[in-house]
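Here's the structure we're looking at; comments come further down.
A note on names: the letters A, B, ... follow the listed sequences, proteins ahead of strands, and every chain is numbered from 1. Hydrogens, waters and symmetry mates are skipped; everything else that's a heavy atom, side chains included, is used.
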Number of protein chains: 2
Amino acid sequence: MKKHSGKNAHEPHEVKDAVKLVQSYPSAAITVDCVIFGFEENKLKVLLIKSDLEVYKGQYSLLGDIVQENEDLDAAAYRVLKQRTGMNDVFLEQVKVFGNPDRHPGGRVITIAYCSLLNINHHELKIHDNDLDWYSVNGIKTMAFDHMDIVDVCHKWLQKRIQEHPLGFNLLPEKFSLRELQNLYEAILGVSLDRRNFRKKFASMDLLIDINEMEQDVPHRPGKLYKFNFEKYAKNKRKWVGIDF
Amino acid sequence: MKKHSGKNAHEPHEVKDAVKLVQSYPSAAITVDCVIFGFEENKLKVLLIKSDLEVYKGQYSLLGDIVQENEDLDAAAYRVLKQRTGMNDVFLEQVKVFGNPDRHPGGRVITIAYCSLLNINHHELKIHDNDLDWYSVNGIKTMAFDHMDIVDVCHKWLQKRIQEHPLGFNLLPEKFSLRELQNLYEAILGVSLDRRNFRKKFASMDLLIDINEMEQDVPHRPGKLYKFNFEKYAKNKRKWVGIDF
DNA sequence: AATACATTATGTATAGTTTACGCGATAAAG
DNA sequence: CTTTATCGCGTAAACTATACATAATGTATT
């Protein structure tokens, strides 16, 4: 990897010129904020923490951190996720930048919102410092900074994304019933779907593996359990031409 | 609008704390880069300019500029567009942030890519300084910085977007034939479509206004000319629930 | 053990959409 | 006056989505 420190006196003059130029630019602090969605009790939830800024005392905020010098943006988001939840290698995607000049009371701070989905039961939140916990997306009314905006944008982004790609499986246990899957979709999309057509849809996509197990300890007739066929999905991602507005 | 200068001694202590905190953060320069697509000679084109950095001498780059202190990100993108093309009030949307630590030889510069579509014939490029001009998207092989990446990402974004929203009309003259419209879609999507089904599709959407005029000076049977019904589109945007992967 | 109840699992009929392609009409060019 | 290219309309078949029906299977209750 090339190094562009600007302090190296032996760099060619073109690079020194570029360094001088960049140093003359106004600059801003860069943060990443992770909107980490989970699913529990048939509700879409998001991981929040009480703001540690005095100005926003008592208000909730997203999990975020400063992007370090020489740190890639995606890497910073993965770092935050790892630090706060202990999880790595999960779904994580850049959604949008928020850079209103007044969005942070301490000065110009531009934040990049990342969206992530994870299974609430796959990891215990060991430390609940600053009320770190899962909160129902529908219940949140106000947040610190512009974080309410960010959550709204990410929620809409997720609603759209989950209809084009089967992201939902990241939110469910490894084995799940069709009802659980449908509940998830209904919670994210905020609609109710026809049970029979929903099942048929997924059956026809052939992305579910019937593992010949049944639900346990449900107060009604148990349903079959399935696993998601990640391989099959990876192979035939939809090729997609169709005008549709 | 609130002011958070940090130089005001009469601000409450919580704000002063926040200012101190933000000042301790590493910072980066922020730019916007506009990927401005146009359509001409049945080709998708993009507006480029020769880089003015010595390091990238002879290579093409996107139209971009520094985000000023206290300038909103969207505003900066609109400013660039206006300065370079004289156009305002056109389609412009944030696509993605590019923040690789080594993407700029002069130091850490994070750029926000914006996508815009405009009608090449609606404005003459008066000044061709630094070879400012339209270049065929398919013909570009290398660019300064990571701009080739940015163009690729924006092109894919456009391909997807144009199938969900009728953006294409921003690229065409006010009056256009169905063939022109189809050529545009084919150029953007890189596929060929059935003429008759394409016509039917648009006819059924009822978004085209037949203005009872015919093409002039075409070397074959002239087709009807249409206008796009922006109002109708604005009213019934697709409500959209359907799982589809 | 019989019954009520909730939920799973599968099916079917119908309407709507997409796709592939046929064909006559019309303008331009030789 | 024929050839050629494109326009504009049309239709049949395949596929997809939607609404609704009913039997099977488990738990809970009498």
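A donor-acceptor pair is defined here as one N or O able to donate and one able to accept, closer than 3.5 Å; such a pair exists between the side chain of A:Q159 and the backbone of A:I188.
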Contacts table for residues 168-176 of chain B: side-chain donor-acceptor under 3.5 angstrom, sequence neighbours left out:
from	atom 1	to	atom 2	distance (Å)
B:N170	ND2	B:L167	O	3.1
B:K175	NZ	B:E213	OE1	3.3
B:K175	NZ	B:E213	OE2	3.1

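In 5' to 3' order, the nucleotides of DNA chain C bounding all contacts with chain A (an atom under 4.0 Å from a heavy atom) are C:dT7 to C:dT12. Boundaries of the chain B contact region on DNA chain D are D:dT6 to D:dT11, first to last in 5' to 3' order (nucleotide atom under 4.0 Å from a heavy atom).
The two residues A:C154 and A:C115 have their closest heavy-atom pair at CB-SG, 4.2 Å.
Scanning residues 186-195 of chain B for heavy-atom distances under 4.0 Å to DNA chain C yields B:D194. Applying a 4.0 Å cut-off to non-hydrogen atoms, none of the residues of residues 173-181 of chain A approaches DNA chain D. Near-neighbour residues of DNA chain C inside residues 207-221 of chain A, defined by a heavy atom below 4.0 Å, number-ordered: A:H220, A:R221.
In this structure, B:K200 NZ and B:L178 CG are separated by 13.5 Å, a value rounded to the nearest 0.5 Å. Here A:L62 contributes atom CG and A:L48 contributes atom CG; the two are 6.0 Å apart, rounded to the nearest 0.5 Å. Distance check: A:E164 CD to B:F245 CZ gives 10.0 Å after rounding to the nearest 0.5 Å.
Every residue two or more places apart in sequence or in another chain that forms a side chain to side chain donor-acceptor pair (under 3.5 Å) with A:E186 is listed here: A:Q182. For B:D244, the salt bridge (Lys or Arg N to Asp or Glu O under 4.0 Å) test picks out A:R238, with sequence neighbours left out. Here B:D149 pairs with nothing under the side chain to side chain donor-acceptor pair (under 3.5 Å) rule; sequence neighbours left out. For A:D210, the salt bridge (Lys or Arg N to Asp or Glu O under 4.0 Å) test picks out A:K224, with sequence neighbours left out.
Heavy-atom distances to DNA chain D give each of B:D244 and B:P222 a nearest nucleotide, and the one nearer the 5′ end belongs to B:P222.
In A:K50, the NZ atom is crowded: over 12 heavy atoms of neighbouring residues, nucleotides or ligands sit closer than 6.0 Å. Other residues, nucleotides and ligands contribute only 12 or fewer heavy atoms inside 6.0 Å of the CD atom of A:E231.
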Taking Watson-Crick and G-U wobble pairs with both distances under 3.5 Å, convert DNA chain C into its dot-bracket string, 5' to 3', dots for unpaired and | for cross-strand pairs.
||||||||||||||||||||||||||||||
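Between B:H165 and B:Y233, the two ring planes are perpendicular [angle over 60°; tilted spans 30° to 60°]. Using cut-offs of 30° and 60° on the angle between ring planes, the pair A:F145 and A:H147 is tilted.
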Evaluate the criterion side chain to side chain contact (heavy atoms under 4.5 Å, CB included) for residue pair A:S116 and A:C34; output intermediate values, then yes/no.
CA-CA 7 Å; A:S116 176; A:C34 294; 5.6 Å; no
Residue pair A:L207, A:F202: steps toward the side chain to side chain contact (heavy atoms under 4.5 Å, CB included) verdict
CA-CA 7 Å; A:L207 288 172; A:F202 271 91; 5.5 Å; no
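Across all strands, A:K200 comes closer than 4.0 Å to base atoms (heavy-atom distances).
Among residues at least two apart or in separate chains, salt bridge (charged side-chain N to carboxylate O under 4.0 Å, His left out) pairs with a member in residues 30-42 of chain A are A:E40-A:K45, A:E41-A:K45.
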